[in-house]
Amino acid sequence: MPLASSTTTSSRLLSLLSLLQARRDWPGGLLARRLGVSDRTVRRDVDRLRELGYPVQAVKGPDGGYRLEAGLQMPPLLFDEEQAVALAVALRIAVGTGAGIEEAAARALATVRQVLPSRLRQRVDALEISAAGRGAEPQVDTGVLLALSAAVRAGEELRFDYRSPGRPEDTEPRPPRRVQPHHLVVRTGRWYLVGWDPEREDWRIYRADRMTPRVPNGPRFPPREVPGGDVAVFLSARFKGSASTDAWPCRGEVILHLPAAEVAQFAGDGVVEELGTARTRLTTGSWSWAAFASTLARFDTEIEVIAPPELRAAFAELSRRAARAAETE
């Protein structure tokens with residue numbers, strides 16, 4: 001009987017700790033209902049957690065309640081099975097974030113894996129992830145990401161140095177740049193800061209790996225919404241060369257003398273329509289007409305331009321340039 005009671009209490013303590021970790025504040029009565037015990041039992045269990053080192057604070061108010069505060073030392077954490085697997089998966093894919101935390105993530109994964117039950121460890125080990133396309137792309141210092149994120153959260157103007165591509169390091173130093181940071185985002189393995197430039201009165205996008213924040217930050221600024229209200233759409237539009245909507249500024253329609261299956265795998269966000277065994281209609285776009293023609297030429301097949309005339313003119317100019325290049329010795 002005592003053994004059964006002890007087991008029940010331990011199980012209830014784990015359930016209570018899990019609930020306290022799930023949200024900031026818990027009314028005492030709600031905790032009691034979730035655990036199926038009395039308010040008095042909840043108070044006793046909270047005292048037991050405090051004895052184990054968990055900083056559970058009482059919350060004053062009409063309902064009263066409890067809150068799990070951050071302590072000076074990290075007590076043992078409790079994860080259910082789904083949380084443990086999710087944590088391990090997140091650590092595995094951390095290598096593809098470009099945040100420069102690969103070594104720390106690997107050590108953390110080894111620690112988590114060591115304490116996982118055998119059945120969960122097998123699930124995690126069965127997940128094999130390889131970071132493709134990373135190559136020698138620069139990593140972002142974790143301290144830089146934390147500084148940028150802190151400025152975004154505080155709504156403080158950021159002063160920073162920026163390494164422009166192709167600019168020698170020994171050139172005369174420039175004065176620090178200023179930006180009102182609004183979003184820190186990661187896209188295809190690279191981190192970008194999206195902010196409002198008060199001098200140019202326009203939105204700007206900066207690569208975080210080229211930024212060196214200055215201390216201290218500048219004054220606070222009021223929040224501002226990116227064009228369209230969606231930072232992901234805004235960022236995608238800017239990378240397409242569009243100043244407003246997430247659409248290519250140059251769009252056209254062609255017929256390629258290739259099967260649709262061969263076109264689709266390289267069509268990106270284009271629309272592919274099969275016209276026959278070896279003819280495919282492709283509607284897509286690019287940031288310039290010259291780039292559009294060059295991209296289509298990579299299909300290495302006959303191309304029929306349907307529209308617009310600007311694309312046909314771009315092909316004509318591309319052919320003239322190619323002819324001159326072929327005559328150059």
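Counting from 1, the numbers follow the sequence of the chain as shown.
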[atom1]/[X] to [atom2]/[Y] distance, rounded to the nearest 0.5 angstrom?
X    : Y    : atom1 : atom2 : answer
R312 : E304 : CZ    : CD    : 10.5 Å
L13  : D45  : CG    : CG    : 4.5 Å
L146 : R153 : CG    : CZ    : 9.0 Å
I303 : L296 : CD1   : CG    : 5.5 Å
L148 : M211 : CG    : CE    : 5.0 Å
Y192 : I205 : OH    : CD1   : 8.5 Å

query = Is the CD atom of Q265 crowded by more than 12 outside heavy atoms at less than 6.0 Å?
reply = yes

Where [X] and [Y] come nearest, the two heavy atoms and their spacing:
X    : Y    : result
L258 : F299 : CD1-O, 3.8 Å
P198 : V179 : CD-CA, 4.2 Å
L158 : P213 : CD1-CB, 4.4 Å
A208 : L145 : CB-CD2, 4.3 Å
A267 : L282 : CB-CD1, 3.9 Å
D161 : P176 : OD1-CA, 3.9 Å

Test log, rule side-chain contact (heavy atoms from CB on, under 4.5 Å), inputs L184 and W191 = CA-CA 7 Å; L184 181 63; W191 289 85; 3.9 Å; yes

For [X], check side chain to side chain contact (heavy atoms under 4.5 Å, CB included) against everything at least two apart and list the hits.
X    : answer
S288 : A290, A291
V37  : R12, L35, T41, V42
V56  : L20, V46, L49, R50, Y54, Y66, L68
R204 : D197, R200, D202, Y206

inquiry  = Ring-plane angle category for Y162 and F160, please: parallel below 30°, perpendicular beyond 60°, tilted otherwise.
reply    =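 Answer is perpendicular, since the angle exceeds 60°.
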
inquiry  = Strictly by side chain to side chain donor-acceptor pair (under 3.5 Å), give each pair with a member in residues 313-325 just once, sequence neighbours left out.
reply    =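 As it turns out, the side chain to side chain donor-acceptor pair (under 3.5 Å) pairs with a partner in residues 313-325, which skip direct neighbours, are E317-R320, E317-R321.
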
query = Does the R220 side chain pair with the main chain of A154, one donor and one acceptor, at a distance under 3.5 Å?
reply =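 Here the side-chain-to-backbone pair exists.
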
ask   = If only atom types and distance count, is the side chain of T301 paired as donor or acceptor with the main-chain N or O of H257 below 3.5 Å?
value = yes

Could you tell me which residues satisfy side chain to side chain donor-acceptor pair (under 3.5 Å) with [X], sequence neighbours excluded, listed by chain and number?
X    : result
R251 : none
R67  : D25, E69
R43  : none
H183 : none

task = Identify, with sequence neighbours excluded, every residue that meets ring-ring contact (aromatic ring centres under 6.0 Å, His included) alongside F221.
result = H182

Let me have the donor-acceptor pairs involving side chains of residues 222-234, under 3.5 Å, with sequence neighbours excluded, atom names and distances please.
unit_1 : atom_1 : unit_2 : atom_2 : d
D230   : OD1    : A232   : N      : 2.9
D230   : OD1    : V233   : N      : 3.3

W203 and R238: CA distance, side-chain angles, deciding distance, side-chain contact (heavy atoms from CB on, under 4.5 Å) verdict = CA-CA 10 Å; W203 289 94; R238 284 298 177 96; 4.0 Å; yes

ask   = Honestly curious: do F292 and F266 fall in one hydrophobic cluster under the side-chain, below-4.5 Å linking rule?
value =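 Yes.
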
request  = May I ask whether V263 and V271 are part of the same hydrophobic cluster, defined by side-chain heavy atoms of I, L, V, M, F, W, Y residues being less than 4.5 angstrom apart, directly or through others?
outcome  = no

key: ILVMFWY clustering at 4.5 Å (side-chain atoms), partners of I306   = I255, L275

key: Residues T212, R163; criterion side-chain contact (heavy atoms from CB on, under 4.5 Å); working and verdict   = CA-CA 8 Å; T212 303; R163 297 184 300 277; 3.5 Å; yes

key: W26 and V59: CA distance, side-chain angles, deciding distance, side-chain contact (heavy atoms from CB on, under 4.5 Å) verdict   = CA-CA 8 Å; W26 277 95; V59 179; over 6 Å; no

inquiry  = Any salt bridge linking D47 with R44? Criterion: basic side-chain nitrogen under 4.0 Å from a carboxylate oxygen.
reply    = no

key: Identified side-chain hydrogen bond (donor to acceptor under 3.5 Å, both in side chains) partner of N217 from the options R159, E156, E157   =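 Testing N217 for a side-chain hydrogen bond (donor to acceptor under 3.5 Å, both in side chains) against R159, E156, E157 leaves exactly one candidate, E156.
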
